[in-house]
Every structure is written in structure tokens, then in C-alpha cells.
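Chain naming here is simple, since letters A, B, ... match the order of the sequence lines and numbering starts at 1 in each. Every value quoted in this text rests on a predicted model; they were computed, and no experiment measured them.
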Amino acid sequence: MAVTQLVGAKIHRREDPRLITGHGHYVDDFLRTGMVYAAFVRSPYPHARVRKIEVTDAAKAPGVVAVYTARDFKSVITGATHPATPSFVAEKKHVPERRPIAETEVRFQGEPVAVVLAESGAQAVDAVGLVDVDYEPLEAVTDIEKAIKPGSPAVHEGAPDNICWDLAYAGDDVTAAAFAEADVVVKERIHQQRLAPTSMEPRGVLAEYDPYDKKLQIWMSSQGPHFIRLFISGALGLPESNVRVVSPDVGGGFGSKISPYPEDYLVAAAAKLSGRPVKWIETRTESIQNTTHGRGEIFDIEVAAKKDGTLLGLKVTQWLDCGAYTATFSAFQPCACLMAGGAYKWKGISARTVGIFTHRVPTDPYRGAGRPEATHLAERAVDLVAREIGMDPVDIRRKNFIQPQDFPYTQNFGLVVDSGDYDKSLDKALELAGYKELRQQQADLRKQGRYLGIGLSTWIEICGFGPSAATAPATGGIALVESAQVRVLPTGSVIVYTGSHSHGQGHDTTQAQIVADTLGVPYDSIEIRHGDTAEGPAFGYGTYGSRTLAVGGLAIHMACRRVIEKGRKLAAHLLEAAEDDVSYEQGKFMVKGSPDKAKAFGEVAFASYGAGLPDGMDQGLEATAYFDPPNFVWPFGAHICVVEVDPETGSVDLQKYVAVDDCGTVINPLIVEGQLHGGITQSIAQALFEEVVYDPESGQLKTGTMIDYAVPTANEIPDLVLGSTVTPSPSNELGVKGIGEAGTIAASAAVINAICDALSPLGIKHIDMPASPDRLWRQINQARATAGNGQKGVKA
Amino acid sequence: MKRKVSLTVNGTRREDEVEPRLLLVHYLRDVAGLTGTHIGCDTSQCGACTVLIGDKAVKSCTMFAVQAQDADVQTIEGLAKGDQLHPLQQAFWDEHGLQCGFCTPGFIMAGVYLLSQNPNPTDDEIRKGLEGNLCRCTGYVNIVKAVRTAAKTMGGQTKQPQATAATAGGD
Ligand code: FES
Ligand code: FES
């Protein structure tokens, strides 16, 4: 098989046959002998004291094996649980200790207070209803604006002001000159509503403890089984080597299956306590209530610009709703501040992030994690300025873009943007969308009192986390590099173990494409394995932050190169040639200049297990590599959204969506397109439909089912028109970047910009998300009332 | 108290003693051992549990197993004939109509029903026809494409999903 033949090809996924025939292996599909089912007793209150828990009736119920409360777990969960990494906020004012089960006080609705084990799932659920918990409801605060007001109930004693962190990355001194020179200053408050990640497969854990060997095995729907092993072994006081975590087929994660959850510790501990394998599968309501939420922020921004459209300064304050605890990676989301400048040059950016406790489930990364927020605010900021000075949104972007000759470009916070050509993707998107014609059409429709809007998002992102120097401090010590091990079997077929984890991204296919090209062996002779801590390198870092290809792919590439190096030494020995004279091409080791003197890869593999190896060489042909990237990677693109808003109902007709994205070298275009489709859809969903809503008075979750939490159906999403440009990343040998989050990072701004553009004749400048018919209708009516002419510009 | 239920699952006659409250989806997964039918919600919104009963697509979380007495149930496992994928399965593969695959069995079963009712659907009809199923990964673009492709492969001549599976796989 020729080199570079497979990279770039539309290879159909090798994981699909089992999935389309119903033979996937998700956690709920596993059974163990003697297995019991767990169900959780959860607090119905956002804040309450737990006076007493009476379990007698529940314990006697049919099929019940055990009922455990916090006290029972004390002997088993002996170590710390729920680490909170520093991420982008190394110094936090207060990180409360978090235990997986509440003993005396509950701080969010859904927090577990007891666990029931029963012979069947239904019996466990029945018995949950028989556990009698005596709660004393306490005053709760479920809104960040209220939480920081003096006199608000404190979520934790140690933080009477409810502030978890308050950090200025850069103060206003940095922006003073820019604002002094400004002709225009615009201000806006931008809400990022709480979102429920809603992978279609909810979370699930199955744990089995062997008391004789003192070994714990866990099957779990997770994006990073090695991290889970690290956390759970520590909490249960077991050597890391005695715990095995298997993440089989995982039905989506979107960031919500990275951090450890209470149930992960409790199910494992319950297996140890009861001596029975324990399975727990989250219900959808439990998922919306207890799986960490994404976003949950308010941004206050101020933008300074000249009247010719030159951007000067940006001030950003991020108010982040941490929820009741600091989730493991919630301090990642302040990266929104560091990326707030977007694709543009600024004289100065000042940024402050404030993390705030509330009586709600914690927030944590959700697809994009901080970067969608950054794009949204940067793209809104640029549009607000354009509107203020009467400039076309295209022109203001072009005027301020970082230019191709500027790369590598050190942006305001010292991050080095490795490459880009922002005009190029914008040009292509404008052409695909037919921008000029759209503007004409808009003008024509406006005359008829119709509201067509065109929105742009010229987004960039930082991904491929990441260089050890930057990430080890951010996680509290573990550098987010990636590992791979390549084993060549005697007959020349290859098994690759990778520390990344696929939960829908098709790694088995794309990683095999990379191996096929690097090693020059047939695609079908390559097996890719991941998701089992008992296999492969000592540690795997998992999949999130669009890192698998740009970090994990390179680790695989690197391990393959090491295999070739050993093979070359051996081939030289077998061919009686000098090592430097032996080259490797298309699956063959050849003596330069005498092509008939060659050894096929398989022959060398077989020989490596035999006798007569060169002095000092041991048997076998395998290599392990950990790849530490020199920089992050920086995808970018241009999205254009076209909507028509019906002013009478406030409903949005999403008529066209064009996306031109650049993720560097493409391994498999089919998969890149799929990632974009899904990512864009999730971001459109944030812009138009989804929001986790709590009742402001009672703090009760109001969107606890899929009836109320509006995940869009096929009927709400238009056909998406995709284009691409290719600017290989200079940061790695394959020229690759990431694409898993790009669509989500880009789209919400395009949609909201389009709606604001549509409604600009009414004087509407800003719309919050989700732009539901209800919200738009109110805003339109208000705008009409303010204009003092209810029918101005509107069709009769 | 358990009750007897007898039904046909993927062409095989079964008789089991089940609790009256057992949902059909749990029967299929836990009693019949057919785990290809998935559970994605508690409120019959997601469609991950869709199966065919007779010639109708049914969300198997919306009925009790005992209500399936004498029914002819087909699950995702019964759709391919040996190695021969159903054209819709093939189309999901070809068009990259799945990512994590969790929603996929439900979509395929709903799609089989859709094509049995409307062998040549427009994109709009496909989108409306699949409204009862949720996917979080694909943005539906390639799912719609897959149904369109399968409609073409199947030549638009089918009304019976099972007949479809038997006759149209060879394209
Ligand atoms: S599980 Fe049946 S519709 Fe969701
Ligand atoms: S493929 Fe993951 S939910 Fe549809």
C-alpha cells in the first residue's frame, strides 16, 4: 500500500458494522454473574439540612440487597474525591471539599443522600421511594447575580460571598490607551445559558470487586478511563494497578464524561461493600439534573474602536456559575477570556473572571468549553461596532483580521497562534452563500416589511491540549500529552494501543489510516485498541478539547517511526548493508541504489522474533511513544447563517447555513464533515432552543425531561453547506489540527448575528440565547412600543 | 405476580413469564438478550428504542411486554439477513449516518417504517418522518442522506418492511 494513500481518503468507518446491526457494546449491555442494580435517593431540594434518613422499610422491600448512606461509605471511600484542577485559575479563593454523598447538608437538587441495591432495577427504584429522608429546607440561591449580593445565603461556609475565584488576567491599565483613542465605545451584557450536554447514551457504571485479589474492575461510559482509574483508586485506597477501567462503546460525551461523578465512586464502593457486582444506568431525568452542565455565564463586554472600523480595545468580565462545587475541570472555562480577541488584532484586552457558587449542579466543560463563549462575544462585539459605525460586517472583519504574514502571531495573552488565512475562508464562505445577492434580497424584502438577516462568524479556536509546559500546571501535575504503543506481530500485522478514547469520532478508522501510511502496511492488518486501562501504555489522557488527532495521532505516528527505525537496523543487518544506506518506502526496507536488495515489512517483523539479531538488539518489533506537542493548534473558519424572523410570532426560519472550516491536513473528510454537522447543530441548538431552566423561587429544575429540554430533531435543522480550506498546522509533522468542537465554537454567533441583523430595522441590537419565539416576540413588541409606532416597517 | 407472554421476535417464537409492568424494551434487552434496542430517555421522546411491530414502528418503551402478546416484533438484530445488510443499514454506513451509534438502531427501524410508507420521500418528508427520533452527534444531515440513498437503492417499490429486507439487499 502506497505511502500517503489513505490519509485524506473517504474511508468508511470500520466501527460501523457492529453499530448498525445492534451489536455495539455500551455499558448497559454488560452483565456480570450476581449483578445487582443501584438506584439513588436524591435531594428534591436545592438546599436543605438532612436531619435523619430512615432506611428500614426500604431495606425490607422485595429484592433489596442493601441500602447505604454517607456513613456506610466512610470505611470504603477513604481518600479524597472530586479533585478540582487549577486549569486557568491556579489560585482560587475557596475550593470546598466535595464528598460523593451528602451527610448533613444537600447543596443542589439531585445530590445523592442514599443508594439502594436490589436484584432488579425496578426493585431498586421501588425501594428508593421507601427511604424516608427528613429534610429541613434552607434558603437557596440559584442565580449568580443574586449569589454575589451581600446577605445572600452562602453555599459554603468557607465562602460567605459565594466567590470561588476572582482573577484579572489583565487589568484596565492594558486597555486605557485604546479606550482613550476611541471614537466609539459599545457595551453589552451577553448571557450564556446553562446547557445540558445530553449525550444520547446517559452515563453508566458497572463495578465488580474481587476481595481475594483486591481488584476492582469498572465498565463505564467515559471519555478518559485512565483518569477515572487515577481518581477512583485514590479515593478507594487501592493501588492504581489494582483498578481496571474499561470504556467500551460510548454513546457520546461532549465533555460531560471527563470528570469523575459521585456515582462513579459510589457504585465502585457499593460493589466493595456488598460483595456483588453493581450496575447503575442514569435515567434521562437524572442526566439533565445531575450530569454537569455547560456554559452558565454572563459576560460584560466593552469595545473601543475608531470610526473607520479599526478595533482598539476590549474589556471582558466573565461571571461564571460554578454551581454548588468546583467541578474537576470547571476552571477550564475561563479560557473564554484568553480567547476573547478572536481572529482580530487588538491594542489591548483586559479580562477578569469570577467564579460563583450557586445551589445548582456544577458546571464543567461542554463541547467547546470556553471557546464557544469566546467566539460568541468576539463576533457579537465586532457586529455591534459595525452597526454603530454603519460598516458592513464583512468589511470590519477584513480590516482587523490577523494577516497570513503575521503568523506565528503572539496574541494579547501571550498565546502563539500558529497559522491562519482568515480572508481565504471568509472569501469562500461569502461565495458559497452568495453574500451580495443575499444583501440585495434582504433590501428587497425589507421594502415588503420582511425581516431577513445574514450573520457571520469568523471564528478561531485553540485546541490540541496540549504542551506539557502549559497543561501540567493547569491540571495540577499531569501534562496532557498522549501515548501510543505499536506492536508488530510476527506475521506483520499490527496492533496499536492509544490513550485517546473514541466515543463516536471514528478513531478506529482514522488512526488506522495514519498507521497504514506511516508504516506502509495494509489498512486491514491494523487493529486499533483503546478504552481499557489494562492494555497499552501506562497512561492515556483521553479525548476532549479536540486533541485526539493533533496529540494522539502524532503519538501513534511517532511510535510507528520508532518501529521503522528498529526495523531499519534489523533490515540493514539482514541485507548486509550499512544502516544509513537502507531506506523504508511503501512497506519495504531497501538498499539505496539496489532496489532488488529489499526486505518486506512482514519479513523483518518475522525475523525480529528469531535468532541472529544484531549485537545488542532484543527480540520483538514494538515501540511506545508519548507525544508532547510544541504548541496548541489553531483551526479557524467562516460561517454564514441566513434567517428570516416572523415579527408576528417571533419564530426564526433558519434558511441557509454555510460553513467553511480549516482544520489543516484532513485524514478522513467524511469524519470531518460529520464532526462539523454535529457541532454546528449543537451550537444552533444553543442559539435557538436549549436552556436548562430552574424555577427562580423554588430552585426546582423545570426542564428535567426531553419534553422540556429542547434537543432539536431533524425537522429543526436545515441542510448544512460545508466548504473547506487547508492551512496545514506548522506545529506538527502531519499538519493536522482538531475539528471536534469547531462547529460548536462557531455557530451560535452566526445565528444570533443573523437574527440581530434581521431585526436591525426595529432598532434591536442584541438578542440573548436561546432566541426562542417567546423571547423574540417580546423583544420585537418592546422595540415597536419604544419606537412609538407599532407598525413601523412591518407588513400590515 | 408474573404473567405469561408469547410473541415472535425476529422470526423466533418465544414464551416467557414476565412481570406485568415490564416494558417491552426491557423485555427485549433483559429477557430476550437483544441489546441493540437502546434506552435514551424516560418519556418516549428519543426513539432509541424503536422496533417494528408488524409493519409499524413502535417506541418499545411505550408499551408493556404483555401488550405484545402474539405480536410480531422485529428489532435491529433481525434486520440484516446473515451478512446481507438491509439497504438502510448499508446506507447509514455509506453516508456516515452515525457517529456514536447509540441512536442508530432506532433511526434505522424508524427509517425502515418511513420507507415502507413512503418509498420516495422528499428531504422534508424524511425530516418530518424521523421527528420522533433524536440524535446528538450527526446533526441529522447524513441520516437524511442515508434514508434518501436507501430509498434509491430500494427502487421505491416496497410497502412491507420485512419483504424489503428479504428482497432488496443485493443492490
Ligand atoms: S427510550 Fe423509548 S423513546 Fe426514549
Ligand atoms: S450517532 Fe450519537 S446520538 Fe446519533
Would you indicate whether the side-chain heavy atoms of [Y] and [X] approach each other to under 4.5 Å?
| X | Y | value |
| --- | --- | --- |
| B/Leu115 | B/Met154 | yes |
| A/Leu654 | A/Cys641 | yes |
| B/Ile53 | B/Met63 | yes |
| A/Lys279 | A/Val205 | no |
| A/Glu690 | A/Gln682 | no |

Inset, instruction - Rounded to the nearest 0.5 Å, what's the gap from CZ on A/Arg14 to OG1 on A/Thr510? Could you check? - result: 10.0 Å

Do [X] and [Y] sit within salt-bridge range, that is, some charged N less than 4.0 Å from a carboxylate O?
| X | Y | result |
| --- | --- | --- |
| B/Lys2 | B/Glu17 | no |
| B/Asp70 | B/Arg13 | yes |
| B/Arg14 | B/Asp16 | yes |

Legend entry - Part of A/Gln675 lying under 4.5 Å from any heavy atom of chain B: both

Inset, instruction - Give, as side chain, backbone, both or neither, the part of A/Ile680 having an atom under 4.5 angstrom from any heavy atom of chain B. - result: neither

Inset, instruction - Can you sort out the partners of A/Tyr657 under ring pair (Phe, Tyr, Trp, His ring centres under 6.0 Å), two or more places apart, ordered by chain and number? - result: A/His639

Chain B interface, residue from [options] that has the most non-hydrogen pairs under 4.5 Å:
| options | value |
| --- | --- |
| A/Ile717, A/Leu31, A/Val250, A/Ile281 | A/Ile717 |
| A/Thr713, A/Asp719, A/Thr681 | A/Thr713 |
| A/Ala122, A/Gly506, A/Ser199 | A/Ala122 |
| A/Ile684, A/Thr283, A/Ile288 | A/Thr283 |
| A/Gln505, A/Glu673, A/Glu201 | A/Glu201 |
| A/Leu720, A/Leu676, A/Thr705, A/Val711 | A/Val711 |

Inset, instruction - Measure from the side-chain N and O atoms of B/Glu77 to the backbone N and O of B/Gly36, and report whether any donor-acceptor pair falls under 3.5 Å. - result: yes

Donor-acceptor contacts, no H, no angles, side chain residues 17-26 of chain A, under 3.5 Å, sequence neighbours left out:
{"from": "A/Arg18", "atom 1": "NE", "to": "A/Asp249", "atom 2": "OD2", "distance (Å)": "3.0"}
{"from": "A/Arg18", "atom 1": "NH2", "to": "A/Asp249", "atom 2": "OD1", "distance (Å)": "2.6"}
{"from": "A/Thr21", "atom 1": "OG1", "to": "A/Pro17", "atom 2": "O", "distance (Å)": "2.8"}
{"from": "A/Thr21", "atom 1": "OG1", "to": "A/Arg18", "atom 2": "O", "distance (Å)": "3.2"}
{"from": "A/Thr21", "atom 1": "OG1", "to": "A/His23", "atom 2": "ND1", "distance (Å)": "3.0"}
{"from": "A/His23", "atom 1": "ND1", "to": "A/Thr21", "atom 2": "O", "distance (Å)": "3.1"}
{"from": "A/Tyr26", "atom 1": "OH", "to": "B/Cys100", "atom 2": "O", "distance (Å)": "2.6"}
{"from": "A/Tyr26", "atom 1": "OH", "to": "B/Gly101", "atom 2": "O", "distance (Å)": "3.4"}
{"from": "A/Tyr26", "atom 1": "OH", "to": "B/Phe102", "atom 2": "N", "distance (Å)": "3.3"}

Legend entry - Residue-level interface, residues 26-35 of chain B with chain A, non-hydrogen cut-off under 4.5 Å: B/Arg29, B/Thr35

Legend entry - Any residue of residues 121-141 of chain B which, by heavy atoms, sits under 4.5 Å from chain A: B/Arg127, B/Lys128, B/Glu131, B/Leu134, B/Cys135, B/Arg136, B/Cys137, B/Thr138, B/Gly139, B/Tyr140, B/Val141

Inset, instruction - Take A/Tyr544 and A/Glu741 through the side chain to side chain contact (heavy atoms under 4.5 Å, CB included) test and state the conclusion after the steps. - result: CA-CA 9 Å; A/Tyr544 41 82; A/Glu741 296 163 295; over 6 Å; no

Inset, instruction - Give, as side chain, backbone, both or neither, the part of B/Ile108 having an atom under 4.5 angstrom from any heavy atom of chain A. - result: side chain

Legend entry - Side chains of B/Ser44 and B/Lys59, donor plus acceptor under 3.5 Å: no

Legend entry - chain A interface, residue from B/Asn142, B/Ile143, B/Ile39, B/Thr104 that has the most non-hydrogen pairs under 4.5 Å: B/Asn142

